[in-house]
Amino acid sequence: MAKLTTMLAIVASTPHLTTAFQPPSKTRNQNNRHHPTSSSSCTKPILPIIQTSSSTALPMVFDFFKKAQTEATEQMTAFATGLAKSRNQFLYNLEDSFATMGDGKGGNLLDQLEDTLLQADLGMATTDDVLEEARFLREESTEIFSRDDIKALLRGKLLEALGTSAKGTVASAGEGEEDSVVNPFALKFATAENGIPIRGPSTNNPTPLTIHFIMGANGMGKTTTIGKLAHRLKTESGQKVLLAACDTFRAGAVAQLEQWADRAQVDCFSPNESTNGPSAVLFGALDKAIKEDYNVLLVDTSGRLSNNDALTAELVKMKRVIQKRMSTKFDSAVKPIPNESVPHETLLVIDAAQGRMALDSAKQWDKEVGLSGLILTKLDGSAKGGSVVAVSRELGLPVKLVGVGEGLEDLRDFEPESFVDGLLGIGIAVGASKGEGKALANRLSDMRKERSERAKKATPAPSAAASNNPSGEMTLQGLDNMDMMADDGDMGEMQLITPGAGSSRGKTNNKKKKKKKKKN
């Protein structure tokens, strides 16, 4: 039994068996009619397994491993399916590059590769990085790139590009505990350390309300995304979710959000006669969420363009409303101090089909409102899946969620490795070998090591003169020798410049004139 307990502890602490989508588990609201009494498999606690007898615990352990592996495979399959159009177009262009160049022997493969990367909407920065690394790896080598070499290079550089936009932050643990690295691609949720609102606190809430502020232009799939996210929060982690219908600008937006609330079986706070403006609706939703012990509030905002100053100003005002209503402290004048830690997420929804065309608007919104992450939608209907890399990298923001289909379950956590493998046709999700991703990572590592070894062998040994004068500076004796050479005319038209003396050409000409006078 002791061995089993140790195994269970290892299972519970294994990070790769959990998903990025991990809101706090439900600990209250058991009587809420929209709440299931149990969580899904990805958030089910391990503790009950330890309390069972040894005769039943061991099969449950293996069931846990099997279920975790199944969920990981489903995630990869979902990405592979959603990226089918992008992958097919990208691999076709890549194969065409090899065919045109005679498998790399008949021309400049890198020029063809550059065209392929740009057509995939990966962006100029990532394309330049790939080409620079390719030239570096084949410097001082007569070998040519194979298909696996190119695929290994692309996989490594795309993962690096996504990593530069979202680096994990270290969360400080309590005394005697180890700090943990926060997954930058995971949604943020409120914790007990965030504090309870000072106005109208709920006595039943052990943790404060989580608020996700979701924005985007019309037609991006914003309202649909909110409905799918509400469904996941409720079904996967048993959260009590409230939707705030603050899109009072577009006709039919409120009704559409109410329909999604019904599909997801969550509540929706809509405008009425006394609250018909976006900020007023938001304030009413905040009051309801706090007083009625909701776990998560998802705020729908008016679809807008970044050049609409009035609507952008309304977004800024709505964020201030959230910060004031969620205040946890008073100032010296007994006025609530705005809580700048909320909303916990400010997410921008972008249509993947628009690709990099949405960058200018996204940059303006980030400047005016402040964004924490991106949601890419309609990835299954676009052949521009590479835009995920370009947009995330240029904005410096992580992608949190990705829409890979029209179904209620088709809003997925963004996992860089699954995404890149799905785009490049790597791994079991697309019928390839199970260890292909690892093999390609090892191949890239080997190519880099080989390049380093060639560089060491090609480095020339330092000369004796360089050894005597390692700094590379000329000595005074060297300057005297050059002056003598100038006097003899051996340096031709070469100019000699000594510190504080100007050019030696003038001196040389004067000496020649004096010699001529003496001869005369």
Side-chain angles (χ1 to χ4, degrees), residues 20-21 23 165-167 169 182-191 194 197 208-218 220-230 233 241-247 249 257 278-279 281-283 285-286 289 295-306 308-309 311-327 338-351 358-377 388 391-392 394-403 411 413-414:
F21 188 81
S165 65
K167 296 180 180 179
T169 56
V182 178
N183 180 3
F185 300 100
L187 290 175
K188 299 175 185 176
F189 291 86
T191 61
N194 295 134
L209 175 69
T210 293
I211 302 171
H212 290 166
F213 192 74
I214 302 173
M215 48 186 288
N218 287 332
M220 296 290 178
K222 173 172 53 66
T223 305
T224 300
T225 298
I226 292 174
K228 293 179 180 180
L229 178 56
L233 287 166
V241 182
L242 178 64
L243 308 185
C246 299
D247 187 355
F249 185 76
L257 189 66
S279 296
V281 174
L282 176 57
F283 192 87
L286 287 166
N295 303 103
V296 181
L297 175 64
L298 302 180
V299 182
D300 187 18
T301 60
S302 297
R304 64 205 67 216
L305 297 176
S306 60
N308 191 321
D309 295 337
L311 289 175
T312 300
E314 184 67 36
L315 282 176
V316 177
K317 179 182 178 181
M318 291 172 70
K319 287 194 72 172
R320 289 200 302 266
V321 168
I322 295 173
Q323 292 171 349
K324 289 181 179 179
R325 185 61 186 85
M326 295 295 290
S327 174
N339 183 358
E340 296 185 358
S341 66
V342 292
H344 301 89
E345 292 281 9
T346 302
L347 302 170
L348 177 64
V349 179
I350 297 178
D351 186 343
L359 271 176
D360 291 339
S361 296
K363 289 178 180 178
Q364 185 65 27
W365 280 320
D366 189 28
K367 178 181 177 182
E368 298 291 338
V369 184
L371 302 174
S372 62
L374 304 171
I375 301 177
L376 270 294
T377 62
V388 174
V391 173
S392 178
E394 294 198 31
L395 290 176
L397 294 170
V399 177
K400 302 279 186 170
L401 299 167
V402 177
L411 184 68
D413 303 327
F414 181 77

Enquirer: Going by side chain to side chain contact (heavy atoms under 4.5 Å, CB included), name the residues that satisfy it together with Thr224, two or more places apart in sequence or in a different chain.
Expert: Lys228, Gln256, Trp260
Enquirer: Does a side-chain heavy-atom distance below 4.5 Å link Phe185 with Asp413?
Expert: no
Enquirer: Atom CD in Gln323, atom CZ in Arg320: separation rounded to 0.5 Å?
Expert: 9.0 Å
Enquirer: Looking only at non-hydrogen atoms, find the nearest pair between Leu395 and Asp366 and report the distance.
Expert: O-OD2, 4.5 Å
Enquirer: How would you list, by chain and number, every residue that makes a side chain to side chain contact (heavy atoms under 4.5 Å, CB included) with Leu311, sequence neighbours excluded?
Expert: Phe249, Arg304, Asn308
Enquirer: Work out which heavy atom in Leu397 is nearest to a heavy atom in Ser392; give both atom names and the distance.
Expert: O-OG, 2.6 Å
Enquirer: Of all residues at least two apart in sequence or in a different chain, which pass the side chain to side chain contact (heavy atoms under 4.5 Å, CB included) check with Ser361?
Expert: Ser306, Trp365
Enquirer: Working to the nearest 0.5 Å, report the span between OG1 of Thr225 and CG of Leu401.
Expert: 8.0 Å
Enquirer: For Met215, which of Leu347, Leu371, Val349, Asp300 qualifies under side chain to side chain contact (heavy atoms under 4.5 Å, CB included)?
Expert: Leu371
Enquirer: Could you grab the distance from atom CD1 of Ile322 to atom CG of Asn339, nearest 0.5 Å is fine?
Expert: 10.5 Å
Enquirer: Would you please name every residue forming a side-chain hydrogen bond (donor to acceptor under 3.5 Å, both in side chains) with Asp351, sequence neighbours left out?
Expert: none
Enquirer: On a heavy-atom basis, which atom in Lys222 and which in Asp247 lie closest, and how many Å separate them?
Expert: NZ-OD2, 3.9 Å
Enquirer: Sequence neighbours left out, what passes side-chain hydrogen bond (donor to acceptor under 3.5 Å, both in side chains) with Thr312? Give chain and number order.
Expert: none
Enquirer: If you take all heavy atoms of Ser372 and Lys400, which pair is closest and at what distance?
Expert: O-CE, 3.8 Å
Enquirer: Could you tell me which non-hydrogen atom of Leu282 sits nearest to which non-hydrogen atom of Val299, and how far apart they are?
Expert: CD1-CG2, 3.8 Å
Enquirer: Nearest heavy-atom pair of His212 and His344: which atoms, and what distance?
Expert: CD2-CB, 4.4 Å
Enquirer: Holding to side-chain hydrogen bond (donor to acceptor under 3.5 Å, both in side chains), I want the full list of residues that pass it with Glu314, two or more places apart in sequence or in another chain.
Expert: Ser279
Enquirer: Can you tell me how far CD1 of Ile350 sits from CG of Leu374, rounded to the nearest 0.5 angstrom?
Expert: 5.0 Å
Enquirer: Hey, what do you get for CG (Leu298) to CD (Glu345), rounding to the nearest 0.5 Å?
Expert: 11.5 Å
Enquirer: Could you point out which residue of Ile211, Leu297, Thr210 forms a side chain to side chain contact (heavy atoms under 4.5 Å, CB included) with Pro343?
Expert: Ile211
Enquirer: State whether the side chain of Glu368 and the backbone N or O of Ala313 hold a donor-acceptor pair below 3.5 Å, judged by distance alone.
Expert: no
Enquirer: If I take atom CE from residue Met318 and atom CG from residue Leu286, how far apart are they, to the nearest 0.5 angstrom?
Expert: 9.5 Å
